[in-house]
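Encoded as structure tokens, the structure appears first; notes follow it.
Letters A, B, ... mirror the listed sequences (proteins, then strands); counts begin at 1.
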Number of protein chains: 2
Amino acid sequence: MKSPSQSRDRGIPEATVARLPLYLRALNGMAERGVATVSSEDLAMAAGVNSAKLRKDLSHLGSYGTRGVGYDVEYLVYQISRELGLTQDWAVAIVGVGNLGRALANYGGFVSRGFRVAGLLDADPEVVGDDIAGLNVEHIDVLESVIERRGVSIVVLATPAMAAQEVCDRVVAAGVTSILNFAPVVLSVPDGVDVRKVDLSIELQILAFHEQRKAGGPLMAVDSQ
Amino acid sequence: MKSPSQSRDRGIPEATVARLPLYLRALNGMAERGVATVSSEDLAMAAGVNSAKLRKDLSHLGSYGTRGVGYDVEYLVYQISRELGLTQDWAVAIVGVGNLGRALANYGGFVSRGFRVAGLLDADPEVVGDDIAGLNVEHIDVLESVIERRGVSIVVLATPAMAAQEVCDRVVAAGVTSILNFAPVVLSVPDGVDVRKVDLSIELQILAFHEQRKAGGPLMAVDSQ
DNA sequence: ATCCCTTTGTGAAGCGATGCACAAAGTCGG
DNA sequence: CCGACTTTGTGCATCGCTTCACAAAGGGAT
């Protein structure tokens, strides 16, 4: 009952969605350097993927290339931005203003792509009132009103693990359905709420696994000599 | 020519490796709470995965469960730790001591699992010499000697995008083969070097995509009202 | 000792992503 | 206007991961 041949099929594969921001970044770099047109080969190289994969990914958005020539950089930037929803601006609230929260608030990559930090919240009276990245840190008590009044639709959780689920519940109750979670816990949320997780220590552990493999070969364990 | 029935097959699927740290965290929590034994169903619940997947994942490590009973928590913690290489301790260097680098240096999750921050490096004379998380920030010039003398085998890149590739090249030349990259660039490295990438703005963009879908339905674009 | 109940470990089917290879489609020079 | 060349878009085979469903294995009660 699907219509796979329909070119404007709205079901873009998750794996493709995850790569679109990568292409977008590469394209923005090219646009800044004045490149007008790019082939799938070159763009794939810049994004670190296979060119066939790139073409298939882009084909899910429509036929925006010209055979024999390539893709118009500006046009493709616009199409991908639109598809990702970056043509509108998104109000983001960061909950938890510890070291990580501060780093995120100051991170340029947020602002640059249609994301606006619209609120910083914390439970610690010590940090409430501080100015960070031009924003006043507010008390977690006003979480719901901040979300509602400033149209926050994405919340970044940078709280300690213990507080994360409780904040998450409140945020969801306030109507937010997109959460980026930095706390090292598995959040439980109702259907329809999207949680993406970034876990620094998990990434390190994966690296350690491969490193151990490389060092020790298939059978022996090796000390770091 | 493979030996898929050999239970101690050393080829653990990448997807499984990525979940082992998740199981490990859940198990550590249970161990702290004094739980002695856990079923695949319960552990899967705690880790936020399907129980069949959990069992298949664990089966790649060996047969560590008892039918009719479940898994011994302590024992499984040990086995997973060993498999991930967390029974030895890893010296990690963090390059780039901006907001993010500071946050990482102070992040407790590193130390807690066999990772030791053995060096903080930066190019900015303003921050060189600062004490952060009990460590002295050193100048990037001594990168190679820090890596060599302290046995650093994993490097975390938290530099600006522009500096990342250059630092990466030096780090690789110094013999490091595991890199955790926070800079928003595609690093090019020789074969045999492992790079894992954490990109905050990409995660946000993926969320924005799904948020737009939810808000707008299949066809219309919607303003955030 | 036997039977029943629970839970593991895994064969097999299903599903989505990847990458090859090529026809279709367009550009450009003559 | 035509033919050679370039590059896209995609059908198809393949691969790896997920999920189902169940036989095998162990524990505990009687």
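If you check dG9(D), dT19(D), dG26(C) against the side chain of Y71(A), the one that comes closest is dG9(D). Closest to the side chain of T66(B), from the set dG19(C), dG26(D), dG9(C), is dG26(D). For E14(A), the listed nucleotide lying nearest its side chain is dA17(C); candidates were dT8(C), dG9(D), dA17(C). The side chain of V69(B) lies closest to dG27(D) when the candidates are dA24(C), dG27(D), dT18(C).
Between G68(A) and P13(A), the residue anchored closer to the 5' end of DNA chain C is P13(A), taking for each the nucleotide with the nearest heavy atom.
As rounded to whole Å, 13 Å separates atom P of dT10(D) from atom CG of D57(A). Here dT10(D) presents its P atom at 12 Å from CG of L61(A), a figure rounded to the nearest Å. Distance, H60(B) NE2 to dG11(C) C1': 13 Å, rounded to whole Å. Taking atom CG on L43(A) and atom C1' on dT8(D), their separation rounds to 13 Å, with Å as the unit. Rounded to an integer number of Å, the gap from CG of N50(A) to P of dT10(D) is 17 Å. Between R55(B) atom CZ and dC22(D) atom C1' there is a gap of 11 Å when expressed in whole angstrom units. As a whole-Å value, the separation of Q79(B) CD from dT8(C) P is 17 Å.
Here the shortest heavy-atom pairing between V38(A) and D42(A) reads CG2-CB, 3.7 Å.
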Could you walk me through whether E41(A) and R55(A) satisfy the salt bridge (Lys or Arg N to Asp or Glu O under 4.0 Å) test, starting with their C-alpha distance in whole Å, then the side-chain angles of each, then the deciding distance to 0.1 Å, before giving a yes or no? CA-CA 9 Å; E41(A) 195 68 47; R55(A) 286 197 298 277; 5.2 Å; no

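Phosphate contact (OP1/OP2 of dT8(C), side-chain N/O of S40(B), threshold under 4.0 Å): present.
The base of dT8(C) sits with one of its N or O atoms less than 3.5 Å from a complementary donor or acceptor on the side chain of R67(B). Not a single donor-acceptor pair, N or O on each side, falls under 3.5 Å between the base of dG9(D) and the side chain of K56(A).
Side-chain atoms of E74(B) and Y78(B) form no donor-acceptor pair, as typed in the model, at a separation below 3.5 Å.
A52(A) comes within contact range of at least one nucleobase, with a heavy-atom separation under 4.0 Å.
R19(A) and E14(A) are not joined by a salt bridge, as no carboxylate oxygen comes within less than 4.0 angstrom of a charged side-chain nitrogen.
The aromatic ring centres of Y71(A) and Y64(A) sit 6.0 Å or more apart.
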